[in-house]
Amino acid sequence: MEHVVTRFAPSPTGFMHIGSVRTALFAFLWARKNKGTFILRIEDTDKEREVAGSVAHIQESLSWLNLTWDYGPQMSTPFGSCIQSERLPTYHAAARELIAKGYAYPDPYSAEEIDGFRRAAQANKEVFLFRKHRPKTFSEWDGKRPLRFLVPEIKRYEWHDEVRGDLSAGEEALDDFILIKGDGYPTYNFAHIIDDMHMGVTHVMRGDEFISSTPKFLSLYDALGIKRPKLVTLPPILREDKTKKLGKRDGAKDLLEYRKEGFLPAAMINFLAFIGWHPGSDRELFTLPELIEAFDISTIQTHGGSANEEKLLWFQHQHVKHLSDSEYKAAVMQSVFSGKEPENEERWNTILPLVRERAALSSTFTAEIDAGEYAYFFTAPEIDITLLPNKNSTLEVCRTHLKKILEILSSSDFSSVDSIKSAAWDYASQEGRGDVLWPLRYSLSGKKQSPDPFTIAHVLGKEETLARITGALNQIHA
RNA sequence: GGCCCUAUCGUCUAGGGGUUAGGACAGCGCCUUUUCAAGGCGUUAACCCGGGUUCGAGUCCCGGUAGGGUCACCA
(Lines give C-alpha, C1' and ligand atoms only; values in the text may rest on other atoms or scores of the structure.)
Protein backbone atom coordinates (compact mmCIF):
# COMPACT_ATOMS: atom_id res chain seq x y z
CA MET A 1 0.00 0.00 0.00
CA GLU A 2 1.12 3.47 -0.83
CA HIS A 3 2.47 5.52 2.06
CA VAL A 4 0.22 8.55 2.10
CA VAL A 5 1.86 11.92 2.65
CA THR A 6 -0.22 15.08 2.96
CA ARG A 7 0.74 18.56 3.90
CA PHE A 8 -0.81 21.74 5.12
CA ALA A 9 1.05 24.65 3.59
CA PRO A 10 -0.11 28.04 4.83
CA SER A 11 1.62 31.29 4.16
CA PRO A 12 2.39 33.25 7.33
CA THR A 13 0.28 36.25 6.42
CA GLY A 14 -1.99 36.41 9.44
CA PHE A 15 -4.26 34.33 11.57
CA MET A 16 -5.88 31.00 10.83
CA HIS A 17 -9.59 30.99 10.20
CA ILE A 18 -12.23 28.35 9.65
CA GLY A 19 -11.39 28.04 5.98
CA SER A 20 -7.68 27.48 6.38
CA VAL A 21 -8.00 25.16 9.33
CA ARG A 22 -10.60 23.06 7.55
CA THR A 23 -8.04 22.43 4.83
CA ALA A 24 -5.52 21.47 7.49
CA LEU A 25 -8.03 19.13 9.12
CA PHE A 26 -8.82 17.24 5.93
CA ALA A 27 -5.14 16.80 5.09
CA PHE A 28 -4.50 15.64 8.64
CA LEU A 29 -7.41 13.20 8.66
CA TRP A 30 -6.38 11.62 5.39
CA ALA A 31 -2.79 11.15 6.53
CA ARG A 32 -3.82 9.66 9.86
CA LYS A 33 -6.44 7.41 8.36
CA ASN A 34 -3.82 5.90 6.08
CA LYS A 35 -1.16 5.72 8.79
CA GLY A 36 0.73 8.20 6.66
CA THR A 37 2.64 11.39 7.23
CA PHE A 38 1.31 14.87 7.81
CA ILE A 39 3.62 17.79 7.12
CA LEU A 40 3.27 21.41 8.17
CA ARG A 41 5.09 23.52 5.63
CA ILE A 42 5.41 27.28 5.87
CA GLU A 43 5.21 29.05 2.52
CA ASP A 44 6.93 32.30 3.31
CA THR A 45 8.19 33.28 -0.11
CA ASP A 46 6.43 36.63 -0.11
CA LYS A 47 8.40 38.61 2.40
CA GLU A 48 6.27 41.73 1.91
CA ARG A 49 3.02 40.16 2.95
CA GLU A 50 4.48 38.27 5.85
CA VAL A 51 2.99 39.07 9.26
CA ALA A 52 5.16 38.64 12.32
CA GLY A 53 3.99 35.96 14.70
CA SER A 54 1.93 34.12 12.10
CA VAL A 55 3.91 30.90 12.27
CA ALA A 56 3.51 30.65 16.03
CA HIS A 57 -0.16 31.46 15.64
CA ILE A 58 -0.63 28.75 13.04
CA GLN A 59 1.13 26.21 15.21
CA GLU A 60 -0.88 27.18 18.24
CA SER A 61 -4.14 26.91 16.32
CA LEU A 62 -3.32 23.43 15.05
CA SER A 63 -2.09 22.34 18.46
CA TRP A 64 -5.25 23.56 20.13
CA LEU A 65 -7.23 21.26 17.84
CA ASN A 66 -4.81 18.39 18.40
CA LEU A 67 -3.84 18.31 14.74
CA THR A 68 -0.31 17.11 15.23
CA TRP A 69 2.21 17.18 12.44
CA ASP A 70 5.03 14.73 11.82
CA TYR A 71 7.31 17.26 10.21
CA GLY A 72 7.23 21.01 10.62
CA PRO A 73 9.25 24.11 11.41
CA GLN A 74 12.27 23.67 13.65
CA MET A 75 12.26 19.92 13.19
CA SER A 76 14.86 17.78 11.59
CA THR A 77 13.50 15.97 8.58
CA PRO A 78 14.85 13.75 5.80
CA PHE A 79 14.17 16.53 3.32
CA GLY A 80 15.51 19.59 5.14
CA SER A 81 13.58 22.53 6.45
CA CYS A 82 9.80 22.85 6.34
CA ILE A 83 10.13 26.59 5.92
CA GLN A 84 10.41 27.60 2.30
CA SER A 85 12.67 30.61 2.91
CA GLU A 86 15.20 28.13 4.27
CA ARG A 87 15.08 25.99 1.15
CA LEU A 88 16.23 28.50 -1.43
CA PRO A 89 19.17 26.39 -2.71
CA THR A 90 16.71 23.60 -3.50
CA TYR A 91 14.62 25.84 -5.72
CA HIS A 92 17.66 27.31 -7.42
CA ALA A 93 19.00 23.86 -8.18
CA ALA A 94 15.68 22.92 -9.75
CA ALA A 95 15.70 26.20 -11.66
CA ARG A 96 19.18 25.44 -13.08
CA GLU A 97 17.92 22.04 -14.12
CA LEU A 98 15.05 23.61 -16.01
CA ILE A 99 17.38 26.11 -17.68
CA ALA A 100 19.66 23.26 -18.75
CA LYS A 101 16.70 21.43 -20.25
CA GLY A 102 15.62 24.58 -22.07
CA TYR A 103 12.46 25.01 -19.98
CA ALA A 104 13.34 28.28 -18.28
CA TYR A 105 14.69 31.66 -19.26
CA PRO A 106 15.30 35.04 -17.67
CA ASP A 107 12.63 37.65 -18.20
CA PRO A 108 14.25 40.45 -20.25
CA TYR A 109 11.53 43.03 -19.73
CA SER A 110 11.08 45.76 -17.19
CA ALA A 111 7.93 45.89 -15.09
CA GLU A 112 6.78 48.90 -17.13
CA GLU A 113 7.19 47.06 -20.40
CA ILE A 114 5.13 44.14 -19.14
CA ASP A 115 2.48 46.53 -17.91
CA GLY A 116 2.37 47.95 -21.39
CA PHE A 117 1.82 44.52 -22.91
CA ARG A 118 -0.93 43.85 -20.44
CA ARG A 119 -2.71 47.12 -21.14
CA ALA A 120 -2.48 46.59 -24.87
CA ALA A 121 -4.02 43.13 -24.51
CA GLN A 122 -6.80 44.56 -22.39
CA ALA A 123 -7.49 47.28 -24.94
CA ASN A 124 -7.90 44.57 -27.57
CA LYS A 125 -10.11 42.60 -25.20
CA GLU A 126 -7.62 39.79 -25.21
CA VAL A 127 -6.29 37.71 -22.36
CA PHE A 128 -2.75 38.80 -21.60
CA LEU A 129 -0.28 35.99 -22.16
CA PHE A 130 3.39 36.54 -21.51
CA ARG A 131 4.41 33.75 -23.83
CA LYS A 132 3.25 35.82 -26.77
CA HIS A 133 6.13 38.13 -25.94
CA ARG A 134 8.64 35.39 -25.34
CA PRO A 135 12.08 36.63 -26.54
CA LYS A 136 13.68 34.97 -29.55
CA THR A 137 16.96 34.39 -27.79
CA PHE A 138 17.67 33.97 -24.11
CA SER A 139 20.47 35.50 -22.10
CA GLU A 140 22.34 33.82 -19.25
CA TRP A 141 20.41 33.91 -15.99
CA ASP A 142 22.33 36.00 -13.49
CA GLY A 143 20.04 35.11 -10.59
CA LYS A 144 18.85 38.70 -10.38
CA ARG A 145 16.30 38.80 -13.15
CA PRO A 146 13.02 36.98 -12.71
CA LEU A 147 13.19 33.49 -14.14
CA ARG A 148 10.29 32.32 -16.26
CA PHE A 149 9.05 28.90 -17.14
CA LEU A 150 9.01 28.09 -20.84
CA VAL A 151 5.81 26.14 -21.33
CA PRO A 152 6.99 23.15 -23.33
CA GLU A 153 3.68 22.34 -24.95
CA ILE A 154 0.70 24.59 -25.55
CA LYS A 155 -2.28 22.31 -25.43
CA ARG A 156 -5.50 21.60 -23.69
CA TYR A 157 -4.83 19.84 -20.39
CA GLU A 158 -7.08 17.19 -18.94
CA TRP A 159 -6.61 15.73 -15.52
CA HIS A 160 -8.35 13.81 -12.82
CA ASP A 161 -9.33 15.32 -9.52
CA GLU A 162 -10.19 12.94 -6.68
CA VAL A 163 -13.20 15.04 -5.74
CA ARG A 164 -14.29 16.88 -8.88
CA GLY A 165 -13.64 14.10 -11.36
CA ASP A 166 -12.27 14.81 -14.81
CA LEU A 167 -11.34 18.43 -15.34
CA SER A 168 -9.81 20.28 -18.21
CA ALA A 169 -8.60 23.70 -19.23
CA GLY A 170 -7.58 25.21 -22.52
CA GLU A 171 -4.44 26.87 -23.80
CA GLU A 172 -5.34 30.23 -22.29
CA ALA A 173 -4.57 28.75 -18.87
CA LEU A 174 -0.98 28.09 -19.87
CA ASP A 175 1.66 30.76 -19.72
CA ASP A 176 5.34 31.41 -19.10
CA PHE A 177 4.85 32.11 -15.43
CA ILE A 178 7.53 33.28 -13.00
CA LEU A 179 9.52 30.55 -11.26
CA ILE A 180 11.99 32.70 -9.34
CA LYS A 181 11.22 36.30 -8.51
CA GLY A 182 13.66 39.20 -8.78
CA ASP A 183 14.39 38.94 -5.07
CA GLY A 184 15.57 35.37 -5.48
CA TYR A 185 12.53 33.80 -3.81
CA PRO A 186 10.50 31.25 -5.75
CA THR A 187 6.83 31.75 -6.50
CA TYR A 188 4.15 29.50 -5.05
CA ASN A 189 3.65 27.95 -8.47
CA PHE A 190 7.22 26.71 -8.50
CA ALA A 191 8.14 26.17 -4.85
CA HIS A 192 5.17 24.01 -3.89
CA ILE A 193 5.85 21.62 -6.73
CA ILE A 194 9.51 21.21 -5.89
CA ASP A 195 8.70 20.77 -2.20
CA ASP A 196 5.90 18.30 -2.78
CA MET A 197 8.32 16.25 -4.83
CA HIS A 198 11.11 16.29 -2.25
CA MET A 199 8.72 15.65 0.60
CA GLY A 200 7.03 12.77 -1.20
CA VAL A 201 3.58 14.32 -1.00
CA THR A 202 1.04 11.91 -2.45
CA HIS A 203 -2.16 13.94 -2.05
CA VAL A 204 -2.33 17.65 -2.66
CA MET A 205 -5.40 18.92 -0.83
CA ARG A 206 -6.35 22.54 -1.33
CA GLY A 207 -9.16 24.89 -2.22
CA ASP A 208 -10.72 25.26 -5.62
CA GLU A 209 -9.00 28.57 -6.32
CA PHE A 210 -6.12 26.47 -7.63
CA ILE A 211 -8.11 24.65 -10.26
CA SER A 212 -7.51 27.32 -12.86
CA SER A 213 -3.75 27.23 -12.43
CA THR A 214 -3.54 23.45 -12.47
CA PRO A 215 -2.48 23.31 -16.15
CA LYS A 216 0.60 25.33 -15.18
CA PHE A 217 1.42 22.83 -12.48
CA LEU A 218 0.89 19.92 -14.82
CA SER A 219 3.19 21.32 -17.48
CA LEU A 220 5.84 21.86 -14.82
CA TYR A 221 5.45 18.28 -13.58
CA ASP A 222 5.95 17.13 -17.15
CA ALA A 223 9.00 19.32 -17.73
CA LEU A 224 10.65 18.06 -14.57
CA GLY A 225 9.59 14.48 -15.15
CA ILE A 226 7.75 14.41 -11.81
CA LYS A 227 5.02 11.91 -11.17
CA ARG A 228 1.83 13.86 -10.47
CA PRO A 229 0.50 13.62 -6.96
CA LYS A 230 -3.20 12.99 -6.56
CA LEU A 231 -5.11 16.25 -6.68
CA VAL A 232 -7.86 16.69 -4.13
CA THR A 233 -9.92 19.84 -4.48
CA LEU A 234 -11.76 20.97 -1.38
CA PRO A 235 -15.00 22.94 -1.67
CA PRO A 236 -14.86 26.62 -0.84
CA ILE A 237 -16.29 28.00 2.35
CA LEU A 238 -18.36 31.06 1.65
CA ARG A 239 -19.18 33.88 4.00
CA GLU A 240 -22.53 33.58 5.72
CA ASP A 241 -24.04 35.98 3.22
CA LYS A 242 -22.60 33.70 0.52
CA THR A 243 -21.43 36.62 -1.57
CA LYS A 244 -17.77 35.80 -1.30
CA LYS A 245 -15.31 33.20 -0.30
CA LEU A 246 -14.43 33.37 3.38
CA GLY A 247 -11.17 35.22 3.87
CA LYS A 248 -9.20 37.11 6.44
CA ARG A 249 -10.26 40.45 5.08
CA ASP A 250 -13.87 39.45 4.71
CA GLY A 251 -15.13 38.87 8.17
CA ALA A 252 -13.41 35.58 8.89
CA LYS A 253 -12.75 35.11 12.56
CA ASP A 254 -9.41 34.24 14.09
CA LEU A 255 -9.67 30.58 15.07
CA LEU A 256 -8.21 31.26 18.48
CA GLU A 257 -11.14 33.58 19.16
CA TYR A 258 -13.25 30.47 19.41
CA ARG A 259 -10.89 29.08 22.00
CA LYS A 260 -11.22 32.31 23.94
CA GLU A 261 -14.99 31.97 23.88
CA GLY A 262 -14.68 28.56 25.39
CA PHE A 263 -15.36 26.26 22.47
CA LEU A 264 -14.05 22.77 22.97
CA PRO A 265 -11.48 21.58 20.43
CA ALA A 266 -13.59 18.48 19.95
CA ALA A 267 -16.64 20.57 19.06
CA MET A 268 -14.67 22.73 16.66
CA ILE A 269 -13.14 19.71 14.94
CA ASN A 270 -16.50 18.01 14.60
CA PHE A 271 -18.02 21.18 13.16
CA LEU A 272 -15.15 21.73 10.75
CA ALA A 273 -15.25 18.17 9.48
CA PHE A 274 -18.82 18.64 8.35
CA ILE A 275 -18.09 21.66 6.24
CA GLY A 276 -17.61 19.95 2.94
CA TRP A 277 -17.63 16.36 4.05
CA HIS A 278 -20.14 13.86 5.36
CA PRO A 279 -19.73 10.34 6.69
CA GLY A 280 -22.28 8.72 4.43
CA SER A 281 -24.67 8.11 7.30
CA ASP A 282 -26.96 10.18 9.49
CA ARG A 283 -24.45 10.23 12.30
CA GLU A 284 -23.09 13.65 13.15
CA LEU A 285 -21.26 13.34 16.43
CA PHE A 286 -17.64 12.30 16.08
CA THR A 287 -14.51 12.58 18.15
CA LEU A 288 -11.21 13.15 16.40
CA PRO A 289 -10.25 9.42 16.44
CA GLU A 290 -13.69 8.59 15.11
CA LEU A 291 -13.29 11.14 12.34
CA ILE A 292 -9.97 9.62 11.37
CA GLU A 293 -11.72 6.29 11.09
CA ALA A 294 -14.70 7.59 9.14
CA PHE A 295 -13.04 10.14 6.90
CA ASP A 296 -12.81 9.50 3.20
CA ILE A 297 -11.92 11.53 0.16
CA SER A 298 -14.77 10.05 -1.84
CA THR A 299 -17.38 11.82 0.28
CA ILE A 300 -15.85 15.26 0.10
CA GLN A 301 -18.37 17.76 -1.25
CA THR A 302 -18.12 19.39 -4.65
CA HIS A 303 -20.11 22.50 -3.90
CA GLY A 304 -19.28 25.32 -1.55
CA GLY A 305 -21.14 26.22 1.57
CA SER A 306 -21.08 28.57 4.47
CA ALA A 307 -20.19 27.93 8.07
CA ASN A 308 -23.13 28.20 10.42
CA GLU A 309 -22.24 29.29 13.94
CA GLU A 310 -25.52 28.05 15.38
CA LYS A 311 -24.58 24.56 14.34
CA LEU A 312 -21.19 25.04 15.95
CA LEU A 313 -22.94 25.92 19.18
CA TRP A 314 -24.98 22.76 18.90
CA PHE A 315 -21.82 20.69 18.46
CA GLN A 316 -20.46 22.46 21.52
CA HIS A 317 -23.50 21.43 23.60
CA GLN A 318 -23.20 17.87 22.41
CA HIS A 319 -19.54 17.59 23.23
CA VAL A 320 -19.91 19.31 26.59
CA LYS A 321 -22.54 16.76 27.45
CA HIS A 322 -20.17 13.92 26.80
CA LEU A 323 -17.46 15.35 29.00
CA SER A 324 -16.98 13.79 32.41
CA ASP A 325 -17.44 16.16 35.35
CA SER A 326 -13.72 16.35 35.87
CA GLU A 327 -13.07 17.09 32.18
CA TYR A 328 -15.71 19.79 32.25
CA LYS A 329 -14.23 21.25 35.38
CA ALA A 330 -10.77 21.26 33.83
CA ALA A 331 -12.10 23.08 30.76
CA VAL A 332 -13.92 25.66 32.87
CA MET A 333 -11.03 26.20 35.25
CA GLN A 334 -8.80 26.80 32.28
CA SER A 335 -10.96 29.29 30.46
CA VAL A 336 -13.05 30.83 33.24
CA PHE A 337 -10.54 30.93 36.04
CA SER A 338 -7.47 31.05 33.78
CA GLY A 339 -6.19 27.79 35.19
CA LYS A 340 -6.18 29.08 38.77
CA GLU A 341 -8.19 27.48 41.51
CA PRO A 342 -11.08 29.79 42.37
CA GLU A 343 -12.13 30.75 45.88
CA ASN A 344 -14.76 28.40 47.27
CA GLU A 345 -13.41 25.69 45.07
CA GLU A 346 -15.27 22.98 46.92
CA ARG A 347 -18.56 24.63 46.23
CA TRP A 348 -17.75 25.27 42.59
CA ASN A 349 -17.05 21.57 42.26
CA THR A 350 -20.62 20.96 43.31
CA ILE A 351 -22.10 23.73 41.23
CA LEU A 352 -20.34 23.12 37.94
CA PRO A 353 -22.05 19.84 37.10
CA LEU A 354 -25.42 21.46 37.81
CA VAL A 355 -25.00 24.41 35.52
CA ARG A 356 -23.08 22.84 32.66
CA GLU A 357 -26.14 22.38 30.46
CA ARG A 358 -26.83 26.10 30.54
CA ALA A 359 -23.18 27.09 30.44
CA ALA A 360 -21.85 25.16 27.50
CA LEU A 361 -19.71 28.07 26.48
CA SER A 362 -17.33 29.27 29.12
CA SER A 363 -17.45 32.86 27.88
CA THR A 364 -21.19 32.84 28.53
CA PHE A 365 -20.50 31.26 31.86
CA THR A 366 -17.91 33.88 32.73
CA ALA A 367 -20.33 36.64 31.84
CA GLU A 368 -22.99 35.02 34.00
CA ILE A 369 -20.63 34.73 36.92
CA ASP A 370 -19.64 38.37 36.52
CA ALA A 371 -23.30 39.30 36.43
CA GLY A 372 -23.82 37.46 39.70
CA GLU A 373 -25.97 34.81 38.10
CA TYR A 374 -24.70 32.11 40.49
CA ALA A 375 -24.10 34.27 43.55
CA TYR A 376 -27.00 32.65 45.40
CA PHE A 377 -24.94 29.50 45.77
CA PHE A 378 -22.62 31.49 48.02
CA THR A 379 -24.66 34.18 49.71
CA ALA A 380 -28.35 34.65 50.48
CA PRO A 381 -30.10 36.47 47.64
CA GLU A 382 -32.22 39.59 47.75
CA ILE A 383 -35.85 38.57 47.66
CA ASP A 384 -38.38 40.60 45.72
CA ILE A 385 -41.52 39.67 47.55
CA THR A 386 -43.78 40.38 44.60
CA LEU A 387 -42.03 37.60 42.70
CA LEU A 388 -42.45 35.07 45.47
CA PRO A 389 -45.92 33.73 44.61
CA ASN A 390 -46.39 31.40 41.70
CA LYS A 391 -48.52 32.89 38.94
CA ASN A 392 -52.20 33.09 39.97
CA SER A 393 -51.19 32.47 43.57
CA THR A 394 -51.01 34.86 46.50
CA LEU A 395 -48.58 35.84 49.20
CA GLU A 396 -50.88 34.33 51.76
CA VAL A 397 -50.77 30.96 50.03
CA CYS A 398 -46.98 31.27 49.85
CA ARG A 399 -46.76 31.85 53.53
CA THR A 400 -48.77 28.73 54.31
CA HIS A 401 -46.74 26.55 51.97
CA LEU A 402 -43.36 27.87 53.03
CA LYS A 403 -44.20 27.39 56.68
CA LYS A 404 -45.21 23.82 56.04
CA ILE A 405 -42.15 23.13 53.89
CA LEU A 406 -39.93 24.65 56.56
CA GLU A 407 -41.46 22.28 59.06
CA ILE A 408 -41.01 19.29 56.77
CA LEU A 409 -37.42 20.10 55.83
CA SER A 410 -36.46 20.80 59.45
CA SER A 411 -36.82 17.14 60.17
CA SER A 412 -35.52 15.88 56.81
CA ASP A 413 -32.42 14.12 55.72
CA PHE A 414 -30.29 16.36 53.49
CA SER A 415 -27.78 13.76 52.46
CA SER A 416 -28.94 13.66 48.83
CA VAL A 417 -31.07 15.59 46.37
CA ASP A 418 -33.48 12.66 46.33
CA SER A 419 -33.88 12.56 50.07
CA ILE A 420 -34.85 16.23 50.12
CA LYS A 421 -37.17 15.75 47.20
CA SER A 422 -38.95 12.77 48.66
CA ALA A 423 -39.48 14.62 51.90
CA ALA A 424 -41.27 17.53 50.23
CA TRP A 425 -42.79 15.82 47.26
CA ASP A 426 -46.01 14.50 48.68
CA TYR A 427 -46.95 17.82 50.17
CA ALA A 428 -46.10 19.67 46.98
CA SER A 429 -48.08 17.28 44.80
CA GLN A 430 -51.05 17.50 47.08
CA GLU A 431 -51.11 21.29 47.26
CA GLY A 432 -50.13 22.03 43.69
CA ARG A 433 -46.49 21.69 42.69
CA GLY A 434 -46.15 25.11 41.15
CA ASP A 435 -47.66 26.89 44.14
CA VAL A 436 -45.34 25.14 46.57
CA LEU A 437 -42.15 24.69 44.57
CA TRP A 438 -41.94 28.06 42.90
CA PRO A 439 -41.83 30.03 46.20
CA LEU A 440 -39.42 27.50 47.62
CA ARG A 441 -37.06 27.78 44.67
CA TYR A 442 -37.36 31.54 44.54
CA SER A 443 -36.69 31.99 48.24
CA LEU A 444 -33.53 29.92 47.87
CA SER A 445 -32.22 31.48 44.65
CA GLY A 446 -33.89 34.85 44.24
CA LYS A 447 -33.89 34.03 40.53
CA LYS A 448 -36.69 33.56 38.05
CA GLN A 449 -34.50 30.93 36.47
CA SER A 450 -32.32 28.42 38.20
CA PRO A 451 -31.92 24.70 38.78
CA ASP A 452 -34.68 23.01 40.74
CA PRO A 453 -35.16 23.75 44.46
CA PHE A 454 -34.02 20.34 45.70
CA THR A 455 -30.74 20.62 43.90
CA ILE A 456 -30.13 24.08 45.29
CA ALA A 457 -31.12 22.99 48.79
CA HIS A 458 -28.68 20.13 48.60
CA VAL A 459 -25.81 22.42 47.62
CA LEU A 460 -26.68 24.95 50.32
CA GLY A 461 -27.07 22.40 53.06
CA LYS A 462 -29.77 22.11 55.65
CA GLU A 463 -28.89 25.05 57.84
CA GLU A 464 -28.64 27.60 55.04
CA THR A 465 -31.73 26.26 53.32
CA LEU A 466 -33.84 26.60 56.41
CA ALA A 467 -32.42 30.06 57.06
CA ARG A 468 -33.36 31.28 53.60
CA ILE A 469 -36.90 29.95 53.87
CA THR A 470 -37.22 31.62 57.26
CA GLY A 471 -35.85 34.82 55.75
CA ALA A 472 -38.50 34.79 53.03
CA LEU A 473 -41.22 34.16 55.62
CA ASN A 474 -39.98 37.09 57.70
CA GLN A 475 -40.22 39.37 54.70
CA ILE A 476 -43.82 38.31 54.12
CA HIS A 477 -44.66 39.20 57.73
CA ALA A 478 -42.90 42.52 57.46
C1' G B 1 -14.82 40.12 -20.38
C1' G B 2 -12.13 34.98 -21.48
C1' C B 3 -11.61 30.40 -19.11
C1' C B 4 -12.84 27.03 -15.07
C1' C B 5 -15.93 25.15 -11.06
C1' U B 6 -20.70 24.63 -8.64
C1' A B 7 -26.31 24.31 -8.21
C1' U B 8 -31.79 19.52 -3.19
C1' C B 9 -35.62 22.75 2.77
C1' G B 10 -33.40 29.54 5.55
C1' U B 11 -28.39 26.62 6.64
C1' C B 12 -25.22 21.89 6.37
C1' U B 13 -26.45 17.71 3.65
C1' A B 14 -28.51 12.15 2.00
C1' G B 15 -29.87 10.51 -2.65
C1' G B 16 -26.45 8.45 -8.84
C1' G B 17 -33.42 6.59 -13.50
C1' G B 18 -39.24 4.27 -10.44
C1' U B 19 -38.33 7.43 -3.05
C1' U B 20 -44.55 9.43 0.83
C1' A B 21 -37.29 13.24 -1.62
C1' G B 22 -34.28 11.11 4.30
C1' G B 23 -31.25 13.36 8.44
C1' A B 24 -29.13 17.55 11.32
C1' C B 25 -29.12 22.98 12.81
C1' A B 26 -32.43 26.99 13.14
C1' G B 27 -38.03 28.00 13.46
C1' C B 28 -42.81 26.55 15.29
C1' G B 29 -46.02 23.36 18.57
C1' C B 30 -46.64 19.90 22.48
C1' C B 31 -44.63 16.85 26.72
C1' U B 32 -41.84 16.43 31.28
C1' U B 33 -40.42 16.42 38.71
C1' U B 34 -42.63 24.55 39.25
C1' U B 35 -39.05 28.32 36.16
C1' C B 36 -34.69 28.44 32.74
C1' A B 37 -31.46 25.12 30.34
C1' A B 38 -31.10 20.21 28.70
C1' G B 39 -34.09 16.17 26.97
C1' G B 40 -38.38 13.69 24.38
C1' C B 41 -42.22 13.82 20.66
C1' G B 42 -44.34 16.24 16.56
C1' U B 43 -44.35 19.87 12.65
C1' U B 44 -43.41 23.89 8.73
C1' A B 45 -39.90 23.95 4.72
C1' A B 46 -36.25 22.03 -0.96
C1' C B 47 -34.91 19.28 -6.20
C1' C B 48 -32.78 27.14 -10.20
C1' C B 49 -35.28 27.55 -15.27
C1' G B 50 -36.07 25.55 -20.30
C1' G B 51 -35.45 21.80 -23.66
C1' G B 52 -34.13 16.80 -24.77
C1' U B 53 -33.10 11.04 -23.83
C1' U B 54 -36.52 7.50 -21.51
C1' C B 55 -42.44 3.87 -20.43
C1' G B 56 -40.44 6.87 -16.35
C1' A B 57 -35.79 12.14 -14.57
C1' G B 58 -33.33 15.73 -8.15
C1' U B 59 -30.92 11.63 -10.63
C1' C B 60 -28.37 11.24 -17.65
C1' C B 61 -27.46 15.06 -21.98
C1' C B 62 -27.75 20.10 -23.99
C1' G B 63 -28.80 25.25 -23.36
C1' G B 64 -29.85 29.26 -20.23
C1' U B 65 -29.65 31.60 -15.36
C1' A B 66 -27.37 32.38 -10.78
C1' G B 67 -23.27 31.99 -7.41
C1' G B 68 -18.09 31.19 -6.76
C1' G B 69 -13.04 31.03 -8.56
C1' U B 70 -9.11 32.59 -11.75
C1' C B 71 -6.60 35.50 -15.31
C1' A B 72 0.33 38.88 -10.34
C1' C B 73 7.75 39.16 -9.60
C1' C B 74 0.18 36.74 -3.84
C1' A B 75 -0.34 32.29 -2.08
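Numbers restart at 1 for each chain; the letters A, B, ... are given by sequence-line order, proteins then strands.
- Between A/Ser110 and A/Ile275, the residue anchored nearer the 5' end of RNA chain B, judged by the nucleotide with its closest heavy atom, is A/Ile275.
- The partner of B/A21, taking Watson-Crick or G-U wobble pairs whose two distances both stay under 3.5 Å, does not exist in any strand shown.
- Remark: B/U65 base-pairs with B/A7. Criterion, Watson-Crick or G-U wobble with two distances under 3.5 Å.
- A/Phe271 places its CZ atom 14 Å from the P atom of B/C25, with the value rounded to the nearest Å.
- Rounded to whole Å, the separation between the C1' atoms of B/G63 and B/G18 comes to 27 Å.
- Contact record, A/Ile408 with A/Ala423: CG2-O, 3.4 Å, taken as the closest heavy-atom pair.
- Side chain of A/Gln316 to backbone of A/Leu264: a donor-acceptor contact under 3.5 angstrom is found.
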| message | Between A/Arg148 and A/Asp107, is the salt bridge (Lys or Arg N to Asp or Glu O under 4.0 Å) condition met? List the steps. | response | CA-CA 6 Å; A/Arg148 283 189 184 266; A/Asp107 184 337; 2.7 Å; yes

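- Within the structure, a side-chain polar atom (N or O) of A/Arg433 is placed less than 4.0 Å from OP1 or OP2 of B/U33.
- Rounded to the nearest Å, the gap between the P atom of B/U70 and that of B/A75 is 14 Å.
- For A/Asn308, whose side chain is taken as the heavy atoms from C-beta onward, the closest listed nucleotide among B/A72, B/C25, B/U34 is B/C25.
- Taking every side-chain heavy atom of A/Ser306 into account, B/C12 is the closest of B/C12, B/A24, B/U34.
- Nucleotides B/G67 and B/A24 are separated by 32 Å at their P atoms, to the nearest Å.
- With a cut-off of 3.5 Å on both pairing distances, B/U59 has no Watson-Crick or G-U wobble partner at all.
- Judged by closest nucleotide on RNA chain B, A/Trp314 is the one of A/Trp314 and A/Pro453 placed further toward the 5' end.
- The gap from the C1' atom of B/A45 to that of B/U8 amounts to 12 Å, rounded to the nearest Å.
- For A/Asp282, counting side-chain heavy atoms from C-beta on, the closest listed nucleotide (B/A14, B/U34, B/G23) is B/G23.
- Nucleotide B/A72 holds its P atom 12 Å from the CZ atom of A/Phe130, rounded to whole Å.
- Listed pair A/Thr302 / B/A7 meets the phosphate criterion, a side-chain N or O lying under 4.0 Å from OP1 or OP2.
- One finds no salt bridge joining A/Glu431 and A/Lys404 here, because no Lys/Arg side-chain nitrogen approaches an Asp/Glu carboxylate oxygen to under 4.0 Å.
- For the C1' atoms, the distance linking B/C9 with B/G58 amounts to 13 Å, nearest Å.
- Distance from the side chain of A/Tyr188 is smallest for B/A75 among the nucleotides B/A75, B/G68, B/A38.
- Remark: A/Lys321 is in phosphate contact with B/G39, judged by side-chain N or O atoms under 4.0 Å from OP1 or OP2.
- We find that NE2 of A/His317 is positioned 13 Å from P of B/G40, with the value rounded to whole Å.
- Distance CD1 (A/Ile193) to P (B/A75): 13 Å, rounded to an integer number of Å.
- Heavy-atom minimum distance, A/Glu86 versus A/Ser81: OE1-OG, 2.6 Å.
- Rounded to a whole Å, the CD1 atom of A/Ile237 is 16 Å from the P atom of B/U11.
- The partner of B/U53, taking Watson-Crick or G-U wobble pairs whose two distances both stay under 3.5 Å, does not exist in any strand shown.
- Under 4.0 Å is where a charged nitrogen must lie from a carboxylate oxygen, and between A/Arg41 and A/Asp195 at least one such pair does.
- When Watson-Crick and G-U wobble pairs are counted only if both distances are under 3.5 Å, B/G16 pairs with no nucleotide at all.
- Annotated as syn: B/G16, whose glycosidic dihedral is within 90° of 0.
- Remark: the backbone N or O of A/Phe286 is paired with a side-chain donor or acceptor of A/Asn270 at under 3.5 angstrom.
- Pairing of B/G1, defined by two Watson-Crick or G-U wobble distances under 3.5 Å, is identified with B/C71.
- B/U6 sits 16 Å from B/C12 when the C1' atoms are compared, rounded to a whole Å.
- Going from the C1' atom of B/U65 to that of B/C48 covers 8 Å, rounded to whole Å.
- Taking only side-chain nitrogens and oxygens, A/His303 comes nearer than 4.0 Å to OP1 or OP2 of B/U13.
- Pair check for B/G39 finds B/C31; Watson-Crick or G-U wobble, both atom distances under 3.5 Å.
- Separating the CZ atom of A/Phe274 from the C1' atom of B/G23 is a distance of 11 Å, rounded to the nearest angstrom.
- Glycosidic conformation, B/G58: syn, with the torsion inside 90° of 0.
- Between the C1' atoms of B/C25 and B/G16, the separation comes to 26 Å (whole Å).
- Put simply, CD on A/Gln301 is 14 Å from C1' on B/A24, counting in whole angstrom units.
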